[in-house]
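These numbers were taken from a predicted model, which means no experiment stands behind them.
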Amino acid sequence: MIPAAFEYYRPKDMAGVLAVLEEHGDDARVLAGGHSLIPMMKLRMAEVPHLIDLQDVAGLTGITIENGTVRLGTMTTQATMIDDAALLAAAPIMREAALQIADPQVRYMGTVGGNVANGDPGNDMPGLMQCLDATFHLVGPDGDRDVAAREFYEAAYMTDREDDEVLVAVSFPAPEGGYAYEKQKRKIGDYATAAAAVQITKENGVCATASIAMTNLSDTPIYSEEAGEALIGTSVDEAAVEAAVAAMLGDIDPTEDNRGPIEFKRHAAAVILRRAIARAWSRA
Amino acid sequence: MADKMHIKMTVNGEEQEFLAEPRELLIHTLRERLDITGPHIGCETTHCGACTVTIDGKSVKSCTMFVAQANGADVTTIEGIGDPDNLHVLQNAFKEHHGLQCGFCTPGMITRATKLLEENPNPTEEEVRFGMAGNICRCTGYQNIVKSILAAASEMNAAKEAAE
(Lines give C-alpha, C1' and ligand atoms only; values in the text may rest on other atoms or scores of the structure.)
Protein backbone atom coordinates (compact mmCIF):
# COMPACT_ATOMS: atom_id res chain seq x y z
CA MET A 1 0.00 0.00 0.00
CA ILE A 2 2.03 2.89 -1.33
CA PRO A 3 0.44 6.33 -1.32
CA ALA A 4 0.87 8.76 -4.19
CA ALA A 5 4.06 10.82 -4.03
CA PHE A 6 4.04 14.09 -2.12
CA GLU A 7 6.27 16.93 -1.06
CA TYR A 8 6.89 16.84 2.69
CA TYR A 9 7.21 19.91 4.88
CA ARG A 10 8.01 20.10 8.57
CA PRO A 11 7.84 23.79 9.52
CA LYS A 12 8.77 25.05 12.99
CA ASP A 13 6.04 27.67 13.30
CA MET A 14 2.51 28.52 12.16
CA ALA A 15 3.78 31.12 9.70
CA GLY A 16 5.59 28.31 7.89
CA VAL A 17 2.44 26.17 7.87
CA LEU A 18 0.25 28.98 6.57
CA ALA A 19 2.75 29.85 3.84
CA VAL A 20 2.55 26.33 2.35
CA LEU A 21 -1.26 26.31 2.65
CA GLU A 22 -1.46 29.67 0.93
CA GLU A 23 0.84 28.61 -1.88
CA HIS A 24 -0.82 25.25 -2.62
CA GLY A 25 -4.45 25.73 -1.56
CA ASP A 26 -6.39 22.48 -1.35
CA ASP A 27 -3.40 20.56 -2.76
CA ALA A 28 -1.88 20.93 0.72
CA ARG A 29 -3.03 19.39 3.99
CA VAL A 30 -1.71 19.33 7.51
CA LEU A 31 -0.74 16.07 9.21
CA ALA A 32 -1.19 15.69 12.98
CA GLY A 33 -0.99 12.09 14.27
CA GLY A 34 -1.79 10.82 10.80
CA HIS A 35 -3.90 7.87 11.90
CA SER A 36 -6.90 9.00 9.83
CA LEU A 37 -5.08 10.69 6.94
CA ILE A 38 -2.29 8.16 6.33
CA PRO A 39 -4.68 5.18 5.93
CA MET A 40 -6.72 7.27 3.45
CA MET A 41 -3.53 8.17 1.55
CA LYS A 42 -2.44 4.51 1.50
CA LEU A 43 -5.80 3.56 0.01
CA ARG A 44 -5.39 6.47 -2.41
CA MET A 45 -8.75 7.78 -1.29
CA ALA A 46 -6.90 10.95 -0.32
CA GLU A 47 -4.21 12.48 -2.49
CA VAL A 48 -2.12 15.15 -0.83
CA PRO A 49 0.57 16.57 -3.12
CA HIS A 50 1.86 18.81 -0.31
CA LEU A 51 1.88 17.32 3.18
CA ILE A 52 2.64 19.59 6.14
CA ASP A 53 3.70 17.69 9.27
CA LEU A 54 2.79 19.66 12.42
CA GLN A 55 5.05 17.70 14.81
CA ASP A 56 7.71 20.44 15.12
CA VAL A 57 5.37 23.45 15.14
CA ALA A 58 5.82 25.26 18.45
CA GLY A 59 2.87 25.83 20.75
CA LEU A 60 0.50 23.14 19.53
CA THR A 61 0.77 20.70 22.45
CA GLY A 62 -0.19 20.89 26.07
CA ILE A 63 -3.18 21.03 28.36
CA THR A 64 -3.89 24.17 30.39
CA ILE A 65 -6.66 24.66 32.93
CA GLU A 66 -7.13 28.29 33.96
CA ASN A 67 -10.10 30.18 35.42
CA GLY A 68 -12.37 27.21 34.84
CA THR A 69 -11.44 26.83 31.16
CA VAL A 70 -9.76 23.73 29.81
CA ARG A 71 -7.61 24.23 26.71
CA LEU A 72 -5.92 21.48 24.70
CA GLY A 73 -3.38 22.19 22.01
CA THR A 74 -4.32 20.52 18.75
CA MET A 75 -1.40 18.04 18.89
CA THR A 76 -2.32 16.73 22.36
CA THR A 77 -2.53 12.95 21.97
CA GLN A 78 -5.13 10.64 23.41
CA ALA A 79 -2.37 8.97 25.46
CA THR A 80 -1.56 12.36 27.01
CA MET A 81 -5.23 13.03 27.75
CA ILE A 82 -5.46 9.65 29.50
CA ASP A 83 -2.38 10.28 31.66
CA ASP A 84 -2.95 13.94 32.59
CA ALA A 85 -3.96 14.20 36.25
CA ALA A 86 -5.13 17.82 36.02
CA LEU A 87 -7.36 17.03 33.03
CA LEU A 88 -8.79 14.04 34.91
CA ALA A 89 -9.68 16.32 37.83
CA ALA A 90 -11.16 19.05 35.63
CA ALA A 91 -12.96 16.99 32.95
CA PRO A 92 -12.96 13.26 33.70
CA ILE A 93 -15.17 12.55 30.66
CA MET A 94 -12.13 13.26 28.46
CA ARG A 95 -10.23 10.29 29.88
CA GLU A 96 -13.29 8.05 29.79
CA ALA A 97 -13.80 8.84 26.09
CA ALA A 98 -10.11 8.75 25.11
CA LEU A 99 -9.77 5.23 26.54
CA GLN A 100 -12.48 4.08 24.15
CA ILE A 101 -10.73 5.38 21.02
CA ALA A 102 -8.90 2.84 18.86
CA ASP A 103 -6.09 0.91 20.60
CA PRO A 104 -2.95 1.77 22.63
CA GLN A 105 -0.63 2.24 19.64
CA VAL A 106 -3.10 4.53 17.88
CA ARG A 107 -3.67 6.55 21.07
CA TYR A 108 0.05 7.43 21.28
CA MET A 109 -0.29 9.10 17.88
CA GLY A 110 -3.93 10.21 17.58
CA THR A 111 -4.54 13.85 18.50
CA VAL A 112 -7.51 15.87 19.67
CA GLY A 113 -7.07 18.28 16.77
CA GLY A 114 -6.96 15.57 14.12
CA ASN A 115 -9.94 13.84 15.67
CA VAL A 116 -12.15 16.95 15.69
CA ALA A 117 -10.96 18.61 12.46
CA ASN A 118 -11.13 15.53 10.23
CA GLY A 119 -14.92 15.64 10.20
CA ASP A 120 -15.30 11.85 10.18
CA PRO A 121 -18.69 11.07 11.77
CA GLY A 122 -17.06 8.02 13.37
CA ASN A 123 -14.60 10.08 15.42
CA ASP A 124 -15.47 10.29 19.12
CA MET A 125 -14.15 13.73 20.05
CA PRO A 126 -16.56 15.83 17.92
CA GLY A 127 -19.66 14.63 19.79
CA LEU A 128 -17.85 14.97 23.07
CA MET A 129 -16.81 18.53 22.20
CA GLN A 130 -20.44 19.36 21.38
CA CYS A 131 -21.56 17.91 24.71
CA LEU A 132 -18.99 20.10 26.48
CA ASP A 133 -19.96 23.16 24.38
CA ALA A 134 -16.34 23.51 23.26
CA THR A 135 -14.86 26.24 21.11
CA PHE A 136 -12.46 25.44 18.25
CA HIS A 137 -9.62 27.89 17.68
CA LEU A 138 -8.58 28.32 14.05
CA VAL A 139 -5.67 30.24 12.56
CA GLY A 140 -5.64 31.36 8.94
CA PRO A 141 -4.12 33.97 6.65
CA ASP A 142 -6.62 36.58 7.89
CA GLY A 143 -5.92 35.90 11.55
CA ASP A 144 -7.57 33.93 14.34
CA ARG A 145 -11.15 32.76 14.45
CA ASP A 146 -13.22 30.86 17.02
CA VAL A 147 -16.04 28.50 16.08
CA ALA A 148 -18.43 26.71 18.42
CA ALA A 149 -18.15 22.91 18.18
CA ARG A 150 -21.95 22.85 17.86
CA GLU A 151 -21.69 24.99 14.68
CA PHE A 152 -18.57 23.42 13.14
CA TYR A 153 -19.83 20.26 11.40
CA GLU A 154 -21.68 20.54 8.07
CA ALA A 155 -21.60 17.00 6.64
CA ALA A 156 -19.24 14.01 6.61
CA TYR A 157 -15.69 15.41 6.22
CA MET A 158 -17.19 18.89 5.63
CA THR A 159 -16.60 21.45 8.34
CA ASP A 160 -16.61 25.19 8.78
CA ARG A 161 -12.79 25.19 8.53
CA GLU A 162 -11.48 26.75 5.31
CA ASP A 163 -8.74 24.96 3.33
CA ASP A 164 -6.17 27.58 4.34
CA GLU A 165 -7.02 27.44 8.07
CA VAL A 166 -5.52 25.23 10.78
CA LEU A 167 -7.28 24.17 13.96
CA VAL A 168 -4.73 24.99 16.67
CA ALA A 169 -6.61 24.30 19.91
CA VAL A 170 -9.92 23.36 21.51
CA SER A 171 -11.24 24.82 24.75
CA PHE A 172 -14.29 24.33 26.93
CA PRO A 173 -15.58 25.31 30.35
CA ALA A 174 -14.58 22.67 32.94
CA PRO A 175 -17.77 20.64 33.27
CA GLU A 176 -19.59 20.16 36.57
CA GLY A 177 -21.61 17.24 37.89
CA GLY A 178 -21.85 13.71 36.56
CA TYR A 179 -20.55 12.48 33.22
CA ALA A 180 -20.46 9.45 30.97
CA TYR A 181 -19.08 8.55 27.57
CA GLU A 182 -20.77 5.32 26.55
CA LYS A 183 -19.79 3.60 23.31
CA GLN A 184 -21.06 0.48 21.58
CA LYS A 185 -18.55 -0.99 19.15
CA ARG A 186 -18.07 -4.35 17.49
CA LYS A 187 -14.51 -4.79 18.75
CA ILE A 188 -11.68 -2.78 20.29
CA GLY A 189 -10.37 -0.33 17.74
CA ASP A 190 -13.67 0.01 15.91
CA TYR A 191 -15.67 3.18 15.43
CA ALA A 192 -18.92 3.43 17.34
CA THR A 193 -22.08 1.66 16.29
CA ALA A 194 -23.56 4.24 18.64
CA ALA A 195 -21.99 6.44 21.32
CA ALA A 196 -23.34 9.04 23.73
CA ALA A 197 -21.66 11.83 25.68
CA VAL A 198 -23.62 13.06 28.70
CA GLN A 199 -22.89 15.76 31.29
CA ILE A 200 -25.51 16.31 33.99
CA THR A 201 -25.81 18.39 37.17
CA LYS A 202 -28.08 17.74 40.14
CA GLU A 203 -29.54 20.20 42.66
CA ASN A 204 -31.74 18.98 45.53
CA GLY A 205 -32.31 15.67 43.80
CA VAL A 206 -33.44 17.31 40.57
CA CYS A 207 -31.58 17.60 37.29
CA ALA A 208 -30.42 21.21 36.90
CA THR A 209 -28.57 21.00 33.56
CA ALA A 210 -28.04 18.24 31.03
CA SER A 211 -26.03 18.13 27.81
CA ILE A 212 -26.30 15.20 25.39
CA ALA A 213 -24.45 14.52 22.14
CA MET A 214 -24.34 11.40 19.96
CA THR A 215 -21.57 9.92 17.76
CA ASN A 216 -21.75 8.11 14.39
CA LEU A 217 -25.53 8.24 14.10
CA SER A 218 -25.70 10.92 11.37
CA ASP A 219 -23.24 12.40 8.90
CA THR A 220 -22.21 14.82 11.67
CA PRO A 221 -22.11 14.52 15.45
CA ILE A 222 -25.53 15.30 16.91
CA TYR A 223 -25.99 17.67 19.84
CA SER A 224 -29.54 17.00 20.98
CA GLU A 225 -30.66 20.05 22.91
CA GLU A 226 -34.18 18.62 23.30
CA ALA A 227 -32.85 15.40 24.82
CA GLY A 228 -31.05 17.42 27.48
CA GLU A 229 -34.11 19.59 28.12
CA ALA A 230 -36.24 16.49 28.66
CA LEU A 231 -34.18 15.72 31.77
CA ILE A 232 -34.00 19.20 33.29
CA GLY A 233 -36.32 19.71 36.27
CA THR A 234 -36.96 15.98 36.63
CA SER A 235 -35.59 13.40 39.03
CA VAL A 236 -34.28 11.56 35.94
CA ASP A 237 -36.90 8.88 36.44
CA GLU A 238 -37.88 6.39 33.75
CA ALA A 239 -40.39 8.72 32.10
CA ALA A 240 -37.81 11.52 31.81
CA VAL A 241 -35.16 9.16 30.42
CA GLU A 242 -37.60 7.81 27.83
CA ALA A 243 -38.54 11.36 26.86
CA ALA A 244 -34.85 12.17 26.40
CA VAL A 245 -34.31 9.02 24.34
CA ALA A 246 -37.34 9.85 22.15
CA ALA A 247 -36.02 13.39 21.60
CA MET A 248 -32.57 12.04 20.68
CA LEU A 249 -34.12 9.54 18.24
CA GLY A 250 -35.88 12.47 16.59
CA ASP A 251 -32.53 14.19 16.00
CA ILE A 252 -30.36 11.37 14.65
CA ASP A 253 -30.39 10.08 11.08
CA PRO A 254 -28.29 6.92 10.86
CA THR A 255 -27.61 5.07 7.61
CA GLU A 256 -27.24 1.37 6.98
CA ASP A 257 -23.67 0.08 6.75
CA ASN A 258 -21.62 -2.88 7.92
CA ARG A 259 -22.39 -1.96 11.55
CA GLY A 260 -26.06 -2.75 10.91
CA PRO A 261 -29.35 -1.59 9.48
CA ILE A 262 -31.03 1.64 10.50
CA GLU A 263 -33.44 0.04 12.97
CA PHE A 264 -30.58 -1.68 14.78
CA LYS A 265 -28.62 1.56 15.03
CA ARG A 266 -31.64 3.37 16.46
CA HIS A 267 -32.06 0.55 18.96
CA ALA A 268 -28.36 0.71 19.91
CA ALA A 269 -28.51 4.50 20.21
CA ALA A 270 -31.42 4.24 22.66
CA VAL A 271 -29.69 1.57 24.78
CA ILE A 272 -26.42 3.52 24.86
CA LEU A 273 -28.10 6.79 25.81
CA ARG A 274 -30.06 5.12 28.64
CA ARG A 275 -26.82 3.68 29.99
CA ALA A 276 -24.97 6.98 29.64
CA ILE A 277 -27.69 8.94 31.42
CA ALA A 278 -27.85 6.38 34.24
CA ARG A 279 -24.09 6.45 34.77
CA ALA A 280 -23.82 10.25 34.53
CA TRP A 281 -26.74 10.70 36.96
CA SER A 282 -25.20 8.23 39.44
CA ARG A 283 -22.05 10.40 39.42
CA ALA A 284 -23.86 13.76 39.64
CA MET B 1 7.82 11.89 -8.32
CA ALA B 2 8.78 13.87 -5.26
CA ASP B 3 12.42 14.43 -4.51
CA LYS B 4 14.19 12.08 -2.17
CA MET B 5 14.84 13.33 1.33
CA HIS B 6 17.94 13.01 3.41
CA ILE B 7 16.85 10.95 6.43
CA LYS B 8 18.71 10.31 9.65
CA MET B 9 17.44 8.08 12.43
CA THR B 10 18.71 5.88 15.22
CA VAL B 11 17.57 2.27 14.98
CA ASN B 12 18.44 -0.06 17.85
CA GLY B 13 21.19 2.31 18.94
CA GLU B 14 22.78 2.55 15.50
CA GLU B 15 22.82 5.74 13.42
CA GLN B 16 21.25 5.28 9.99
CA GLU B 17 21.49 7.77 7.14
CA PHE B 18 19.94 7.38 3.71
CA LEU B 19 17.93 9.04 0.94
CA ALA B 20 14.27 8.07 0.66
CA GLU B 21 11.03 9.32 -0.76
CA PRO B 22 8.98 10.86 2.06
CA ARG B 23 6.03 8.56 1.26
CA GLU B 24 7.98 5.40 2.11
CA LEU B 25 6.31 3.68 5.08
CA LEU B 26 8.58 3.14 8.06
CA ILE B 27 7.90 -0.63 8.05
CA HIS B 28 9.22 -0.80 4.48
CA THR B 29 12.28 1.25 5.45
CA LEU B 30 13.05 -1.12 8.28
CA ARG B 31 12.48 -4.37 6.42
CA GLU B 32 13.60 -3.59 2.89
CA ARG B 33 16.13 -0.81 3.26
CA LEU B 34 17.76 -1.59 6.60
CA ASP B 35 17.21 -5.36 6.53
CA ILE B 36 15.64 -5.27 9.98
CA THR B 37 12.98 -7.92 9.43
CA GLY B 38 11.78 -8.51 12.99
CA PRO B 39 8.80 -6.18 12.66
CA HIS B 40 6.33 -7.93 10.36
CA ILE B 41 3.71 -6.78 7.89
CA GLY B 42 0.43 -8.44 8.84
CA CYS B 43 -2.44 -6.28 7.65
CA GLU B 44 -0.68 -3.04 6.65
CA THR B 45 -3.87 -1.21 7.71
CA THR B 46 -3.13 -0.23 11.36
CA HIS B 47 -5.14 -3.11 12.76
CA CYS B 48 -2.92 -6.07 13.58
CA GLY B 49 0.10 -4.62 15.41
CA ALA B 50 2.65 -7.05 13.88
CA CYS B 51 4.71 -4.03 12.73
CA THR B 52 4.82 -2.42 16.20
CA VAL B 53 8.07 -0.64 17.05
CA THR B 54 8.99 1.86 19.75
CA ILE B 55 9.56 5.40 18.49
CA ASP B 56 10.75 8.05 20.95
CA GLY B 57 9.13 6.12 23.80
CA LYS B 58 5.81 5.38 22.09
CA SER B 59 4.48 2.09 20.75
CA VAL B 60 3.72 2.80 17.10
CA LYS B 61 2.43 0.75 14.18
CA SER B 62 5.20 1.36 11.68
CA CYS B 63 2.89 0.75 8.70
CA THR B 64 1.13 3.99 9.63
CA MET B 65 4.10 6.33 9.70
CA PHE B 66 5.94 7.85 6.76
CA VAL B 67 9.71 7.62 6.93
CA ALA B 68 9.75 11.43 6.72
CA GLN B 69 7.88 11.65 10.03
CA ALA B 70 10.52 9.44 11.67
CA ASN B 71 13.37 11.67 10.48
CA GLY B 72 15.44 12.33 13.62
CA ALA B 73 13.63 9.68 15.67
CA ASP B 74 14.94 6.97 17.96
CA VAL B 75 13.48 3.62 16.86
CA THR B 76 13.64 0.30 18.70
CA THR B 77 12.55 -2.97 17.08
CA ILE B 78 12.51 -6.52 18.48
CA GLU B 79 16.16 -6.81 17.36
CA GLY B 80 17.02 -4.09 19.88
CA ILE B 81 15.20 -5.86 22.71
CA GLY B 82 16.97 -9.23 22.78
CA ASP B 83 18.85 -11.72 20.64
CA PRO B 84 18.95 -15.53 20.43
CA ASP B 85 21.89 -15.79 22.84
CA ASN B 86 20.52 -13.24 25.24
CA LEU B 87 16.74 -13.34 25.34
CA HIS B 88 14.80 -10.56 27.00
CA VAL B 89 12.76 -11.64 30.04
CA LEU B 90 9.60 -11.27 27.95
CA GLN B 91 11.00 -13.41 25.13
CA ASN B 92 11.92 -16.10 27.61
CA ALA B 93 8.48 -15.91 29.24
CA PHE B 94 6.77 -16.30 25.85
CA LYS B 95 8.94 -19.38 25.26
CA GLU B 96 8.27 -20.86 28.71
CA HIS B 97 4.52 -20.22 28.70
CA HIS B 98 3.83 -21.11 25.09
CA GLY B 99 2.94 -17.50 24.27
CA LEU B 100 3.33 -18.14 20.55
CA GLN B 101 2.48 -20.76 17.99
CA CYS B 102 3.28 -19.59 14.47
CA GLY B 103 5.23 -16.63 15.87
CA PHE B 104 4.23 -14.10 13.25
CA CYS B 105 2.67 -11.63 15.71
CA THR B 106 5.32 -12.21 18.40
CA PRO B 107 7.83 -9.43 17.56
CA GLY B 108 5.03 -6.87 17.69
CA MET B 109 3.57 -8.45 20.83
CA ILE B 110 6.87 -8.38 22.69
CA THR B 111 7.82 -4.90 21.50
CA ARG B 112 4.44 -3.59 22.69
CA ALA B 113 4.69 -5.56 25.95
CA THR B 114 8.09 -4.01 26.82
CA LYS B 115 6.47 -0.57 26.70
CA LEU B 116 3.37 -1.73 28.58
CA LEU B 117 5.49 -3.10 31.46
CA GLU B 118 7.67 0.01 31.47
CA GLU B 119 4.55 2.15 31.99
CA ASN B 120 2.79 -0.29 34.29
CA PRO B 121 5.27 -2.72 35.90
CA ASN B 122 2.61 -4.57 37.87
CA PRO B 123 -0.46 -4.90 35.64
CA THR B 124 -3.60 -6.91 36.35
CA GLU B 125 -4.74 -9.46 33.79
CA GLU B 126 -7.37 -6.98 32.60
CA GLU B 127 -4.77 -4.23 32.20
CA VAL B 128 -2.58 -6.57 30.14
CA ARG B 129 -5.50 -7.43 27.86
CA PHE B 130 -6.44 -3.74 27.47
CA GLY B 131 -2.83 -2.66 26.97
CA MET B 132 -2.25 -5.34 24.32
CA ALA B 133 -5.50 -4.67 22.47
CA GLY B 134 -3.69 -3.21 19.47
CA ASN B 135 -1.99 -6.53 18.72
CA ILE B 136 -3.83 -9.40 17.07
CA CYS B 137 -2.87 -13.09 17.34
CA ARG B 138 -4.67 -15.71 15.27
CA CYS B 139 -3.17 -18.79 16.96
CA THR B 140 -3.06 -18.65 20.72
CA GLY B 141 -6.44 -17.27 21.73
CA TYR B 142 -4.35 -14.79 23.80
CA GLN B 143 -4.54 -16.84 27.02
CA ASN B 144 -0.87 -17.81 26.96
CA ILE B 145 0.25 -14.39 25.74
CA VAL B 146 -1.38 -12.81 28.78
CA LYS B 147 0.14 -15.50 30.99
CA SER B 148 3.60 -14.85 29.51
CA ILE B 149 3.41 -11.10 30.09
CA LEU B 150 2.19 -11.51 33.67
CA ALA B 151 5.00 -14.02 34.33
CA ALA B 152 7.57 -11.64 32.85
CA ALA B 153 6.21 -8.82 35.02
CA SER B 154 6.63 -10.86 38.21
CA GLU B 155 10.10 -11.94 37.18
CA MET B 156 11.16 -8.38 36.39
CA ASN B 157 9.69 -7.13 39.68
CA ALA B 158 11.43 -9.90 41.66
CA ALA B 159 14.74 -9.04 39.98
CA LYS B 160 14.22 -5.37 40.80
CA GLU B 161 13.48 -6.17 44.45
CA ALA B 162 16.51 -8.44 44.70
CA ALA B 163 18.68 -5.65 43.32
CA GLU B 164 17.44 -3.15 45.89
K.L.:
May I ask you to check whether over 12 heavy atoms, not counting those of A:E22, lie within 6.0 Å of atom CD?
P.N.:
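Counting neighbours around CD of A:E22, 12 or fewer heavy atoms of other residues, nucleotides or ligands fall under 6.0 Å, so no.
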K.L.:
Keeping the roles fixed (side chain from B:Q69, backbone from A:D53), state whether a donor-acceptor pair exists under 3.5 Å.
P.N.:
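No: the side chain of B:Q69 does not pair with the backbone of A:D53.
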K.L.:
B:G134 and A:P104: which non-hydrogen atoms are nearest, and at how many Å?
P.N.:
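Taking B:G134 first and A:P104 second, the nearest heavy atoms are N-CD, 3.7 Å.
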K.L.:
Using non-hydrogen atoms only, which part of A:A102 is less than 4.5 Å away from chain B: side chain, backbone, both, or neither?
P.N.:
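The answer is neither part of A:A102.
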K.L.:
State the CD1-OG1 distance between A:I38 and B:T46, to the nearest 0.5 angstrom.
P.N.:
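Taking CD1 in A:I38 and OG1 in B:T46, the distance rounds to 8.5 Å.
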K.L.:
How close do A:L99 and B:F130 get, counting heavy atoms only, and between which atoms?
P.N.:
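In this case the closest contact between A:L99 and B:F130 is O-CZ, 3.3 Å.
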K.L.:
Give the interface residues of residues 115-125 of chain B toward chain A, defined by a heavy-atom separation under 4.5 Å.
P.N.:
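Within residues 115-125 of chain B, near chain A: B:K115, B:E119.
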K.L.:
For B:V60 versus A:Q105, what's the shortest heavy-atom pair and its separation?
P.N.:
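Where B:V60 meets A:Q105 most closely, the heavy atoms are N-CG, 4.2 Å.
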K.L.:
In this structure, are over 12 heavy atoms from other groups packed under 6.0 Å from B:E17 atom CD?
P.N.:
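It does: B:E17 CD has more than 12 such atoms within range.
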K.L.:
Check the pair A:M41, B:R23 against side-chain contact (heavy atoms from CB on, under 4.5 Å), reporting the backbone distance first and the verdict last.
P.N.:
CA-CA 10 Å; A:M41 291 172 70; B:R23 64 173 166 167; over 6 Å; no
K.L.:
Using a 4.5 angstrom heavy-atom cutoff, name the option from B:G57, B:C63, B:G49 with the most pairs to chain A.
P.N.:
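Looking at each option in turn, the highest pair count goes to B:C63.
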K.L.:
Counting heavy atoms not belonging to A:E47, are there more than 12 under 6.0 Å from its CD?
P.N.:
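Atom CD in A:E47 is not packed in, count stays at 12 or less.
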K.L.:
So which part of A:M1 gets closer than 4.5 Å to some heavy atom of chain B, the side chain, the backbone, both or neither?
P.N.:
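For A:M1, heavy atoms of backbone and side chain both lie under 4.5 Å from chain B.
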K.L.:
Indicate yes or no for a side-chain donor-acceptor contact from A:K42 to the backbone of B:L25 under 3.5 Å, with no hydrogens or angles considered.
P.N.:
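Side chain of A:K42 to backbone of B:L25: no pair is present.
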K.L.:
As a quick check of understanding, evaluate side-chain contact (heavy atoms from CB on, under 4.5 Å) for B:I55 and A:Y108, giving each step before the final call.
P.N.:
CA-CA 10 Å; B:I55 301 178; A:Y108 283 110; over 6 Å; no
K.L.:
Using non-hydrogen atoms and a 4.5 Å limit, figure out which bit of B:T64 sits close to chain A: side chain, backbone, both or neither.
P.N.:
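The answer is both parts of B:T64.
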K.L.:
Which bit of B:M5 is near chain A, if near means a heavy-atom gap under 4.5 Å: side chain, backbone, both or neither?
P.N.:
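For B:M5, the contact with chain A is made by the side chain alone.
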K.L.:
Of the options B:R112, B:K61, B:H47, which is the one that meets A:D103 in a side chain to side chain donor-acceptor pair (under 3.5 Å)?
P.N.:
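Result: among B:R112, B:K61, B:H47, B:K61 is the only option passing the side chain to side chain donor-acceptor pair (under 3.5 Å) with A:D103.
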K.L.:
Is there a donor-acceptor contact under 3.5 Å from the side chain of A:Y8 to the main chain of B:A68?
P.N.:
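Flag set: sc A:Y8 to bb B:A68 pair under 3.5 Å.
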K.L.:
At what distance, to the nearest 0.5 angstrom, does CD1 of A:I2 lie from CD of B:E44?
P.N.:
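Answer for the CD1-CD pair, A:I2 versus B:E44, is 6.5 Å.
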K.L.:
Can you tell me if A:R10 uses its side chain to pair, donor with acceptor, with the backbone of B:N71 under 3.5 Å?
P.N.:
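Flag set: sc A:R10 to bb B:N71 pair under 3.5 Å.
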